[in-house]
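Since this is a predicted model, take the numbers as computed values, not measurements. Throughout, a chain's letter reflects where its sequence line sits, starting with A, and its residues are numbered from 1.
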2 protein chains.
Amino acid sequence: MKDFALELGCLGFTMRLKRLADALIQDGKRMYKELGVDIEPNWYVIFRLLKREGEMSVTEISERIGMAHPSVIALTNKMMKAGYLSSNQCTDDSRRRLLNLSDKALEALPQLEEIWNAGERGVINALEGTNTMEILSLIEQRFSEKGFRERTIEELNKNS
Amino acid sequence: MKDFALELGCLGFTMRLKRLADALIQDGKRMYKELGVDIEPNWYVIFRLLKREGEMSVTEISERIGMAHPSVIALTNKMMKAGYLSSNQCTDDSRRRLLNLSDKALEALPQLEEIWNAGERGVINALEGTNTMEILSLIEQRFSEKGFRERTIEELNKNS
DNA sequence: TACTTTTATGTAGTTAACTACATAACTTAT
DNA sequence: ATAAGTTATGTAGTTAACTACATAAAAGTA
């Protein structure tokens with residue numbers, strides 16, 4: 001069956017992007033399940049961020065990874081529940097809650113890094129011979145400068 | 001604040017793809033709202049598909065646009081509720097339900113097409129000077145041949 | 001014809017993101 | 001020192017996708 005999204009031209013861009021991302025994430029979940037690791041896609045971002053930066057507050061994480069803060073709360077709560085994060089109220093500013101990797105997380109890291117490195121190589125393979133990452137960076141930048149809404153409305157007004 | 005996703009190498013690919021797609025979709029919603037049109041992002045796929053092909057069943061649509069059938073049901077139910085689709089039981093095969101554009105949809109189409117064409121031009125602008133669509137097609141193909149899970153597990157096994 | 005398998009649709013429950021709002025704690029300015 | 005504004009976190013509700021299961025109809029087969 002021919003994929004209709006291919007016939008939508010550039011307007012199909014968003015849909016195809018989402019479809020591809022969703023498929024990759026679903027497959028990532030299956031992978032972790034198959035490997036018997038109680039981890040979810042996305043968690044590696046928090047692991048790597050906190051490993052590099054040490055303890056961080058919810059808002060800092062949110063800004064750093066470009067995700068709305070309630071999403072970060074939901075994500076890190078799950079990681080806490082799984083025992084991978086510690087949470088401490090900041091002494092200087094009692095509003096802030098500082099998150100950090102737990103001992104369990106540090107113990108698990110070597111095995112997880114192995115998986116993530118394999119994942120990295122897998123993606124590198126899939127993207128081989130393309131400049132995908134460069135293009136992705138460029139497009140992220142262009143759409144952050146001027147979003148889809150603004151671009152479309154600008155084009156609409158050119159007509160009238 | 002520096003975007004940490006950029007520091008994740010190819011492993012950040014999925015996350016960035018999803019983040020970009022989500023942002024574009026959210027912005028699309030805001031756009032329709034601002035334009036005062038009671039349409040949602042994604043609906044244009046159904047509009048254009050049914051306009052080209054005429055009435056289609058749920059499963060046909062699902063296969064054609066690469067979306068799970070319950071998602072198609074949810075999507076088209078909303079469009080029905082908004083009055084853009086008609087639904088008729090198939091006489092030859094009473095399991096099938098045939099969906100088609102309603103009169104209201106056909107009336108609305110010219111205005112919608114104007115918006116979608118502007119959107120198309122907006123995206124073309126944003127992607128200017130890149131071979132994004134070609135690369136996207138290539139990557140879709142590669143990941144459909146061999147998914148993220150399979151690629152990662154293959155890489156993992158190379159080590160041992 | 002009757003049994004089995006396949007297909008089409010539908011429903012329920014899960015997920016991960018979002019926005020909008022609420023509240024508490026800090027900071028700034030009068 | 002108090003009021004006003006800002007910031008950090010949390011909660012509630014919405015969304016759009018998914019998988020897994022349920023059921024009814026059609027098709028194939030013994």
Side-chain angles (χ1 to χ4, degrees), chain A residues 1 5 14-30 32-33 39-43 45-46 55-81 87-99 147 149, chain B residues 1 5 14-30 32-33 39-43 45-46 55-81 87-99 147 149:
Chain A
M1 182 71 70
T14 300
M15 180 208 177
R16 290 167 66 184
L17 225 52
K18 177 161 176 58
R19 206 174 54 175
L20 179 57
D22 283 347
L24 290 170
I25 290 166
Q26 295 290 334
D27 215 28
K29 273 194 198 175
R30 268 189 293 270
Y32 284 122
K33 210 170 188 175
I39 282 277
E40 288 177 30
N42 243 348
W43 292 14
V45 181
I46 305 294
E55 63 179 11
M56 293 180 81
S57 73
V58 172
T59 304
E60 279 169 341
I61 294 174
S62 151
E63 284 170 348
R64 204 61 202 290
I65 69 179
M67 207 179 253
H69 84 268
S71 310
V72 172
I73 292 174
L75 176 56
T76 54
N77 278 348
K78 269 188 294 178
M79 292 179 69
M80 288 251 300
K81 208 167 165 185
S87 163
N88 291 298
Q89 221 59 33
C90 177
T91 48
D92 297 351
D93 182 342
S94 72
R95 293 171 304 176
R96 305 174 76 216
R97 192 162 59 89
L98 298 175
L99 299 171
R149 187 188 106 268
Chain B
M1 181 72 71
T14 300
M15 180 209 176
R16 289 167 69 184
L17 224 52
K18 178 162 175 58
R19 206 174 53 175
L20 179 56
D22 282 347
L24 290 170
I25 290 166
Q26 296 289 333
D27 214 28
K29 273 194 198 176
R30 269 189 292 271
Y32 284 123
K33 211 172 188 172
I39 283 279
E40 289 178 30
N42 244 344
W43 292 15
V45 181
I46 305 294
E55 61 180 12
M56 293 179 80
S57 73
V58 172
T59 304
E60 279 169 342
I61 294 174
S62 152
E63 284 170 349
R64 205 61 201 290
I65 69 179
M67 206 177 252
H69 84 267
S71 311
V72 172
I73 292 175
L75 177 56
T76 54
N77 278 349
K78 271 188 294 180
M79 293 179 69
M80 287 252 301
K81 209 168 165 183
S87 163
N88 291 297
Q89 222 58 32
C90 178
T91 49
D92 296 351
D93 182 341
S94 72
R95 293 171 304 177
R96 305 174 77 215
R97 193 161 58 88
L98 298 175
L99 299 171
R149 187 189 106 268

Steps toward side-chain contact (heavy atoms from CB on, under 4.5 Å) verdict (B:Leu99, B:Met79): CA-CA 11 Å; B:Leu99 299 171; B:Met79 293 179 69; over 6 Å; no
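- Across the protein-nucleic acid pair, B:Ile25 atom CD1 and D:dA16 atom C1' stand 8 Å apart, rounded to whole Å.
- In terms of the side chain to side chain donor-acceptor pair (under 3.5 Å) criterion, B:Asn42 has no residue partners (sequence neighbours excluded).
- Contacts of A:Arg149 classified as salt bridge (charged side-chain N to carboxylate O under 4.0 Å, His left out), with partners at least two apart in sequence or in another chain: B:Asp27, B:Glu34.
- Within residues 14-23 of chain A, no residue has any heavy atom closer than 4.0 Å to DNA chain C.
- Rounding to whole angstrom units, CG of residue B:Asp92 and P of D:dA26 are separated by 10 Å.
- Residues B:Leu98 and B:Ser57 come closest through the heavy atom pair CD2-N, 3.8 Å.
- Of all non-hydrogen atoms in B:Leu75 and B:Trp43, the two that sit nearest each other are CD1-CD1, 3.4 Å.
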Scoring nucleotides 6-15 of chain D by protein non-hydrogen atoms under 4.0 Å (B base, S sugar-phosphate only, - none) yields -BSBBB---S
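- Although no hydrogens or angles enter the test, the distance criterion places a donor-acceptor pair under 3.5 Å between the side chain of A:Thr76 and the main chain of A:Val72.
- For B:Glu40, the salt bridge (charged side-chain N to carboxylate O under 4.0 Å, His left out) partners are B:Lys78, not counting sequence neighbours.
- Contact check, B:Ser94 against D:dA26: a side-chain N or O comes under 4.0 Å of OP1 or OP2.
- Here side-chain hydrogen bond (donor to acceptor under 3.5 Å, both in side chains) pairs that include residues 14-23 of chain A, with residues two or more places apart or in two chains, are A:Asp3-A:Arg19, A:Arg16-B:Ser137, A:Arg16-B:Glu140, A:Lys18-A:Asp22.
- Taking the side chain of A:Ser71 as heavy atoms from C-beta on, and the options D:dA16, D:dT19, C:dA17, the nearest nucleotide is C:dA17.
- Taking atom NZ of A:Lys33 as the reference point, atom P of D:dT19 lies 11 Å away to the nearest angstrom.
- The residue among A:Gly66 and A:Thr91 whose nearest nucleotide of DNA chain C is located toward the 5' end is A:Gly66.
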